[in-house]
Amino acid sequence: MAGLGNPDFDAFRLLDEHEALREAVRALVDDKIAPRAAEIDETGEFPQDVYEALVAADLHAIHVPEQYGGQGGDALAACIVIEEVARACAASSLIPAVNKLGSMPLLVSGSEEVKQAYLPPLARGEGMFSYGLSEPEAGSDAGGMRTRAVRDGDDWVIDGGKRWITNAGVSKFYTVMAVTDPEKRTRGGITAFVIEDGDDGFSYGAHERKLGIHGSPTRELYFDNVRIPDTRRVGDVGDGFGVAMRTLDHTRVTIGAQAVGIAQGALDYAVGYAKERKQFGKAIAEFQGLQFMLADMAIKLEAARQMVYVAAAKSERGDADLTFFGAAAKCFASDVAMEVTTDAVQVLGGYGYVKDYPVERMMRDAKITQIYEGTNQIQRLVVARQLLAKH
Ligand code: CAA
C-alpha cells in the first residue's frame with residue numbers, strides 16, 4: 001500500500017515545536033514553580049508570583065488564538081504546558097487549565113463580539129477565566145441546575161449560585177450556565193453568559209477546605225439579581241448545555257494532561273529516591289520487588305500519556321469521536337495518577353507519608369483529577385453511551 005514503509009515517516013510523534021515548548025516550560029517550572037510547590041500547598045494561598053511568571057512567559061493561556069492576541073497554541077501544546085506545570089505543582093497547573101476551561105465556551109460558540117471583549121484581556125494576563133456549571137444539587141447531573149437567567153429588555157437578570165468553582169475570587173471572568181427555559185432544560189433551556197468580578201449582586205462564598213490543590217481557590221459563586229447585557233451571552237439562547245458539554249469534551253483532555261504531569265512528578269521522585277535509599281546494605285532500587293513496582297508505574301503512565309496526546313490531537317481537529325476520547329483519556333489518566341502517586345508514597349515508605357517529601361502532596365492532588373470535570377463514573381457513562389450508540 002502506498003505510503004507504508006516510507007523512510008520519511010514522521011507521524012505519531014510530537015513536533016519539534018512541541019518538544020521545544022516542553023523544554024521551555026520545564027525550565028520555567030524548575031526555576032519558578034517547583035521551589036514554591038510545598039509552600040503553596042502549606043499556605044493554601046493562590047500563587048500570584050507563579051501566575052505572573054506564567055503570564056511573562058505567555059504560558060498562562062497558550063490556547064487563545066492569535067487573532068485575539070494569544071499564542072495560538074494547539075490542544076497538544078496546552079496539554080504539554082499543563083502537564084509540565086503539574087509535574088511540579090498541580091495547583092499552579094490549574095492556571096492554564098482553568099483559563100482554557102472558562103474561555104472554551106467562547107471559542108466553541110461565542111459571537112465575535114464576545115470573543116473580542118474577553119479573549120484579548122485573558123491573553124494579556126489581565127484577567128483569568130473560570131467555569132460555572134456545578135451547583136449544590138447539580139454535580140454529576142449538571143442539567144439539574146437551578147440558577148436562573150430571565151430576559152429583561154436588552155438585559156438578563158441572573159439569580160442563583162454555583163459551587164466548587166475553581167479559581168473563584170482570583171478570576172476576573174466567569175462563564176456561567178443558567179436556566180432560561182425551565183421546561184426545556186438540557187434540550188434548549190440553558191444558556192451561557194459571562195459574569196465579571198465586580199458585577200453588582202455577584203459575590204463569593206468561603207474558601208473550601210480541601211484535600212489537595214490547596215493553592216487553587218475553590219469557592220461558591222452567588223448571583224443576587226445580577227443584571228448583564230445580552231452582549232455577554234455566549235452562544236445562542238438555549239444552547240448552553242450543549243456548549244457546556246462540548247467544552248468539557250475538549251477540556252477533559254487537559255485534566256488527563258494534568259493527571260499525567262502529577263504522576264510523572266511522583267514517578268521521577270520515587271525513582272530518584274529508590275536509587276539513593278539504602279536498606280539491607282544496598283539501594284532499594286536493586287530489589288526486584290521495587291523494580292517491578294517502578295516498571296508498572298512507568299508503563300501505566302506512558303499509556304496514559306499517549307492516550308491523552310491522541311485525545312488532544314482529536315480535540316485540535318474536532319474529530320467526531322472526541323466525546324469518547326476526552327472522557328476516556330481523562331478517566332484513564334486520572335486513575336493512573338491515583339495509582340502511581342499512591343505507589344510513589346509506598347516506595348518512600350515512612351518518608352512517603354510525611355510532608356518533608358513531595359509524594360504525599362502529589363497523592364492528595366491526584367485525587368481531584370478523578371472527580372472534577374466529571375467524576376470517573378460519569379466519564380464511564382459517557383464512554384458507554386458513545387459505545388452503545390455506535391453498535
Ligand atoms: N456535545 C454536544 N452536545 C451534547 C453533548 C456533547 N458531548 N452531550 C450532551 N449534549 C447535548 C445534546 O444536545 C443532548 O441532547 P440530545 O441527546 O437530544 O442530542 C443534551 O445535551 C442532553 O444530553 P444528555 O441527555 O446526555 O444529558 P444528561 O442530563 O443525561 O447528562 C451527562 C449527561 C454526561 C451526565 C452530563 O450531565 C455530565 O457531563 N455531567 C458531569 C458534569 C461535569 O462534568 N461537571 C464538571 C464541572 S466543571 C469542573 O469540574 C471544572 C473544575 O473544577 C476544574
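In listed order, ligands and their atoms are each counted from 1.
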Taking only distance into account, with no hydrogens and no angle test, what donor-acceptor pairs under 3.5 Å do side-chain atoms of residues 360-368 form with protein atoms, sequence neighbours excluded?
residue	atom	partner	partner atom	Å
E360	OE1	R364	NE	2.8
E360	OE1	R364	NH2	3.2
E360	OE2	R364	NH2	3.1
R361	NH1	A88	O	3.1
R364	NH1	D41	OD1	3.3
R364	NH1	L211	O	2.9
R364	NH2	D41	OD2	2.8
D365	OD1	I213	N	2.6
K367	NZ	Q370	OE1	2.8

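The ring pair (Phe, Tyr, Trp, His ring centres under 6.0 Å) pairs that include a residue from residues 325-354 are Y351-Y357, where partners are two or more places apart or lie in different chains.
Salt bridge R232/D155: absent, no basic N to carboxylate O contact under 4.0 Å. Electrostatic pairing of E286 and K275 does not count as a salt bridge here, judged by no charged N lying under 4.0 Å from a carboxylate O.
At a 4.0 Å heavy-atom cut-off, the residues surrounding ligand 1 are L101, Y131, L133, S134, G139, S140, A142, T166, T186, R187, F241, G242, M245, R246, L248, D249, R252, T323, Y372, E373, G374, I378, V382, R385, listed by chain and number.
Residues passing the ring pair (Phe, Tyr, Trp, His ring centres under 6.0 Å) test with F129, sequence neighbours excluded: F173.
A cation-pi arrangement is absent between K115 and Y68, since the terminal nitrogen or guanidinium carbon is not both under 6.0 Å from the aromatic centre and inside a 45° cone about the axis.
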